[in-house]
Number of protein chains: 2
Amino acid sequence: MAKARRYSGYSEEAVILLGKQIKLGRKQRQWSEVECAERAGISRATLQKIEKGNLSCAIGLVFEVAFLTGVPLFQSEPVSMGGKLDRVEDKIRLLPDRIRKRHKEVGDDF
Amino acid sequence: MAKARRYSGYSEEAVILLGKQIKLGRKQRQWSEVECAERAGISRATLQKIEKGNLSCAIGLVFEVAFLTGVPLFQSEPVSMGGKLDRVEDKIRLLPDRIRKRHKEVGDDF
DNA sequence: ACCTTATGGCTAATATAATAATCAATCTTA
DNA sequence: TAAGATTGATTATTATATTAGCCATAAGGT
């Protein structure tokens, strides 16, 4: 392992929140990791890092997935990040842990 | 050169806007590129890419600089990105193109 | 006008992100 | 309960981000 670089808690929280919101948006769209990664043109491994809040992912890839999953970027109020994080986690908990591809098309493309 | 990957205009605009806001914040603090890069613990070359809106910079580095320069992350309304961009550019134009380090301390640290 | 310094651009190195592939565990549907 | 699919995690390989250093240009202070 190499020397891990230091980040502020602010950056860490922001990226983690973003990743959680992406995960939530993906699940709300009922996209599996594979399907979401294909739509974004990235690998499943990278999508997993993004949803986990990995700080070294390319910002373009992260924003691209955020866009596809309907996560709005930027936040006028830099406060209350913790509260938002809790609410997102709550919503994730209400959805199934795994998502299966629907056999009959329901027209969720576009 | 390798095959450049495709990004949505949304992602491109978002990263560019973020970079411009960072540049504005840096100038408002009267930090040169070198000083800002040192504070963030990154190279000047990377800071330049960030301020230019390079999509392949690590999101953690971008957020770190955004934090240091006082740029709020996330935006509740995904609209009006173009208007925001114009306003930021206007503000940049009002400031000097180059910033020289003050010889006498004026206590802007912290 | 001069002198110092910030900025923009480029290069080569090296550090590391992104990928594809695989495996085990577990959840959902039938 | 069985079958099939999703998720989580790890690996080796390839692609590329990050860095340090340099140069030329131009801007600001004196």
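Residue numbers begin at 1 in each chain, while the letters A, B, ... track the order of the sequences. All values reported here derive from a predicted model rather than from experimental measurement.
- Applying the side-chain contact (heavy atoms from CB on, under 4.5 Å) criterion to B:Ser8, with sequence neighbours excluded, gives A:Glu64, A:Phe67, B:Tyr10, B:Ser11.
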Would B:Val62 and B:Ile22 satisfy side chain to side chain contact (heavy atoms under 4.5 Å, CB included), going step by step from the backbone distance to the final call? CA-CA 9 Å; B:Val62 180; B:Ile22 287 170; 4.2 Å; yes
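- Protein atom CD of B:Gln48 is 12 Å distant from nucleotide atom C1' of D:dT19, rounded to whole Å.
- Set against C:dT7, C:dT19, D:dT19, the side chain of B:Ala45 has D:dT19 as its closest nucleotide.
- For A:Lys52 and D:dA9, the shortest distance from a side-chain N or O to OP1 or OP2 is below 4.0 Å.
- Residues from residues 54-62 of chain B with heavy atoms under 4.0 angstrom of DNA chain D, sorted by number: B:Ser56, B:Cys57, B:Ala58, B:Leu61.
- Note: CG (B:Leu47) to P (D:dA20) measures 13 Å, nearest angstrom.
- Which of D:dT7, D:dG8, C:dG8 sits closest to the side chain of A:Ser32 comes down to D:dT7.
- Here C:dT16 presents its C1' atom at 16 Å from CD1 of B:Ile42, a figure rounded to the nearest Å.
- For residues 45-61 of chain A, the set of pairs meeting the salt bridge (Lys or Arg N to Asp or Glu O under 4.0 Å) definition, not counting sequence neighbours, comprises A:Arg26-A:Glu51.
- Comparing the axis of the opening five pairs of the helix from C:dT4-D:dA27 to C:dA30-D:dT1 with that of the closing five pairs yields an angle of 70°, rounded to 10°.
- Residue B:Ser43 places none of its side-chain N or O atoms closer than 4.0 Å to OP1 or OP2 of D:dT18.
- In this structure, A:Tyr7 has no ring pair (Phe, Tyr, Trp, His ring centres under 6.0 Å) partners at least two apart in sequence or on a different chain.
- Separating the CZ atom of B:Arg44 from the P atom of C:dC10 is a distance of 13 Å, rounded to the nearest angstrom.
- For the side-chain contact (heavy atoms from CB on, under 4.5 Å) test, residues two or more places apart in sequence or in another chain that qualify with B:Ser43 are B:Ala45, B:Thr46.
- Residue B:Arg26 has a polar side-chain atom (N or O) positioned under 4.0 Å from OP1 or OP2 of C:dT7.
- A:Glu33 is linked by a side-chain hydrogen bond (donor to acceptor under 3.5 Å, both in side chains) to A:Arg44, A:Gln48, counting only residues two or more places apart in sequence or in another chain.
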Chi angles and distances behind the side chain to side chain contact (heavy atoms under 4.5 Å, CB included) call for A:Ile50, A:Ile42: CA-CA 11 Å; A:Ile50 290 172; A:Ile42 63 177; 4.1 Å; yes
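- By the side-chain contact (heavy atoms from CB on, under 4.5 Å) test, B:Ala58 is found to be paired with B:Leu61, residues two or more places apart in sequence or in another chain being considered.
- D:dA9 atom C1' lies 12 Å from atom NZ of A:Lys49, rounded to whole Å.
- The distance from atom CZ of A:Arg5 to atom C1' of C:dT14 is 17 Å, rounded to the nearest whole Å.
- Side-chain N or O atoms of B:Arg5 include one that pairs as donor or acceptor with a backbone N or O of A:Gly41 at under 3.5 Å.
- Atom pair A:Gln30:CD and D:dA5:P shows a separation of 17 Å (rounding to whole Å applied).
- Counting to the nearest Å, the C1' atom of C:dT7 and the CH2 atom of B:Trp31 are 18 Å from each other.
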